[in-house]
Number of protein chains: 2
Amino acid sequence: MPDVKHFDPDATLETVVRLFWRQGVASTGIQDIVNATGLNRSSLYATFGGKMQLYHTALERYADSRSRPVLDRLAEDERGLPAVADFFTGLIETRCSGEYAQWGCMVSNAHAGAENVDPAIRALLDRQHKRLRDALHAALLNAQAHGQLAPGADPAATAEVLALLAHGVNLRSRAGADAGQLRQTVATALHAISCPAA
Amino acid sequence: MPDVKHFDPDATLETVVRLFWRQGVASTGIQDIVNATGLNRSSLYATFGGKMQLYHTALERYADSRSRPVLDRLAEDERGLPAVADFFTGLIETRCSGEYAQWGCMVSNAHAGAENVDPAIRALLDRQHKRLRDALHAALLNAQAHGQLAPGADPAATAEVLALLAHGVNLRSRAGADAGQLRQTVATALHAISCPAA
DNA sequence: CGCATCTTGGAATGACCGTTTCAAGATAGC
DNA sequence: GCTATCTTGAAACGGTCATTCCAAGATGCG
């Protein structure tokens, strides 16, 4: 019978996610990954394949373990606009303070890099953008049902606006944008789509 | 007396801008630049310095020759919201069709790359974001004067919202987002900030 | 224990990285 | 046309790139 792995692939992948998230795939070498994870080149290639395959796996892990829970919570929060506001508050908190401050969003970052020409990566970016938009859409439908939305507002189109706004927050936060200003900007946007009478 | 340059530095820099714009600084090698410009390494280094210095010069050229004219036109257009709408229409046109389709914005792209840790680059990103926001602010002040803006709307804060929206357009267009959908999204955003009575 | 099977360490692969060096070539004033 | 001064071509620099290979080590079953 064969030998078993002497390391935890899951923990390794989490380390790799952070490297690619912070530095991007083009600026991260295999040597960086070897140094950060402590495991050998052979084990890396045997377990995850080449660099781009590893990046794809890491990006998928990011989307599933970081984005998805937040988006699911947003979609299932039935309060309407307060749910959207909380989503953005949490987003700005994550982007501007703590361990991941000024790292931006790994998915947003991938949009701007040369890796987006890879069809598999681009499909992942489209899927993730759709998930973001759909979660916002669900929250806005609740907002409309509660009469929180401005009359005549289209929840689907507005969800797309807020999705692009989130991308903007991700980008600017990576360059060190002020959290307070981002919060005020989001508040302004939400005020613009909310019902004047409410 | 000395020899003179056997090439046009301005035309060379324009070629370099396109390389960095499309592929990013991390994925563009000096060899790529040598191949694209046709001139020698020695001439490159003697004229522009090293790679990062060349990237900085190229990014500044992009900001001055590509962004600035568009932003100046926006700031000087006194029509108000129609000026903003035209700005976004032109932006989406540039981002989604023609020679630069799916290249995104070189400044937005720089936000997501590892190059943003360079203080000189980050200062340039901040300056450029401020220019974008100020141009939008000027246009929104005109809109307010013309009674096009929703009552109670803050032109300064709204300008920041639209600036982040522009970043979102830049990002998503690079991943091949549909121009029609982007136009509709922008229209929705502008509708949300416009005066209901107008 | 012996053996088949997988993992691991570490060296080696050729290609490319950004940068430097230097001789040969080109130019403008004398 | 000579010379001083800059530009240009081409090779070479040490280092790092992603990837591969293979012997040595570890494992669980018979």
Side-chain angles (χ1 to χ4, degrees), chain A residues 1-60 110 113-121, chain B residues 1-60 110 113-121:
Chain A
M1 266 290 179
D3 193 1
V4 296
K5 283 194 196 305
H6 299 180
F7 68 97
D8 179 8
D10 205 62
T12 298
L13 203 51
E14 177 59 28
T15 303
V16 174
V17 163
R18 295 178 192 216
L19 277 178
F20 282 143
W21 182 3
R22 182 157 41 109
Q23 309 177 359
V25 59
S27 302
T28 303
I30 293 289
Q31 187 61 50
D32 296 333
I33 297 172
V34 168
N35 293 341
T37 61
L39 56 87
N40 198 271
R41 282 178 165 73
S42 307
S43 309
L44 258 177
Y45 277 86
T47 310
F48 302 106
K51 184 185 175 182
M52 279 315 291
Q53 196 175 336
L54 176 55
Y55 174 72
H56 184 274
T57 306
L59 187 55
E60 203 138 40
E115 60 269 26
N116 90 93
V117 298
D118 183 328
I121 299 294
Chain B
M1 267 288 181
D3 194 1
V4 295
K5 283 194 196 307
H6 299 180
F7 67 96
D8 180 8
D10 205 61
T12 298
L13 202 51
E14 178 60 27
T15 303
V16 174
V17 163
R18 294 177 193 217
L19 277 178
F20 282 143
W21 183 2
R22 182 157 41 110
Q23 310 177 357
V25 59
S27 303
T28 303
I30 293 289
Q31 187 62 49
D32 296 333
I33 298 172
V34 168
N35 293 341
T37 61
L39 56 86
N40 199 271
R41 284 178 162 73
S42 306
S43 310
L44 259 177
Y45 277 85
T47 309
F48 301 105
K51 185 187 176 183
M52 280 315 291
Q53 197 175 335
L54 176 55
Y55 174 72
H56 185 273
T57 306
L59 186 56
E60 202 137 42
E115 61 267 27
N116 89 94
V117 298
D118 183 328
I121 299 293

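All chains are named by letter (A, B, ...) in the order of the sequence lines, taking the proteins before the strands, and each is independently numbered beginning at 1. Excluded from the calculations below are hydrogen atoms, water molecules and symmetry mates; all remaining heavy atoms, backbone and side chain alike, are included. Note that this is a predicted model, so its numbers are computed, not measured.
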Inset, instruction - Could you state the atom-to-atom distance from CG of B:L44 to P of C:dT20 in whole Å? - result: 13 Å
Inset, instruction - Assess whether one donor atom and one acceptor atom, taken from the side chain of A:S43 and the base of C:dG9, lie less than 3.5 Å apart. - result: no
Inset, instruction - Report yes if the side chains of A:Y55 and A:T28 come closer than 4.5 Å at any heavy-atom pair, otherwise no. - result: no
Inset, instruction - Measure up the B:F48 and B:F7 rings against each other and bin them: parallel (under 30°), tilted (30 to 60°), perpendicular (over 60°). - result: tilted
Inset, instruction - Report yes or no: is there a donor-acceptor pair, N or O only, under 3.5 Å between the side chain of B:R41 and the base of C:dT19? - result: yes
Legend entry - Atom-to-atom span, CG of B:D3 to P of D:dT7 - whole angstrom: 7 Å
Inset, instruction - Check the distance between D:dT20's P and A:I30's CD1 and give it to me in whole angstrom. - result: 11 Å
Legend entry - Residue that, paired with B:L13, satisfies side-chain contact (heavy atoms from CB on, under 4.5 Å) out of B:T47, B:T57, B:T37: B:T57
Inset, instruction - State which residues pass salt bridge (charged side-chain N to carboxylate O under 4.0 Å, His left out) with B:R18; sequence neighbours excluded, sorted by chain then number. - result: B:E14, B:E99
Legend entry - Contacting residues from residues 5-23 of chain A, given that a heavy atom lies under 4.0 angstrom of DNA chain C: A:K5, A:H6, A:F7
Legend entry - Polar side-chain contact B:S42-C:dT20 base: donor and acceptor under 3.5 Å: no
Inset, instruction - Figure out the CD/C1' separation between A:Q31 and C:dG9, and round it to whole Å. - result: 13 Å
Legend entry - By salt bridge (charged side-chain N to carboxylate O under 4.0 Å, His left out) - contacts of A:D8 (at least two apart): none
Inset, instruction - Provide, to the nearest angstrom, the distance between the NZ atom belonging to B:K51 and the C1' atom belonging to C:dC16. - result: 12 Å
Legend entry - Residue closer to the 5' end of DNA chain C, B:V4 versus B:T28 (nearest nucleotide): B:T28
Inset, instruction - Grab the CG-P distance between A:N40 and C:dT8 for me, whole Å please. - result: 8 Å
Legend entry - Rounded distance (Å) that lies between atom C1' of C:dA15 and atom CG of B:D32: 14 Å
Inset, instruction - State, yes or no, whether a side-chain contact exists between B:E115 and B:H56 at a heavy-atom distance under 4.5 Å. - result: no
Legend entry - For atom OH of B:Y45 and atom P of C:dT21, their distance in whole Å: 12 Å
Inset, instruction - Check whether any side-chain heavy atom of A:I33 lies under 4.5 Å from a side-chain heavy atom of A:L54, and answer yes or no. - result: yes
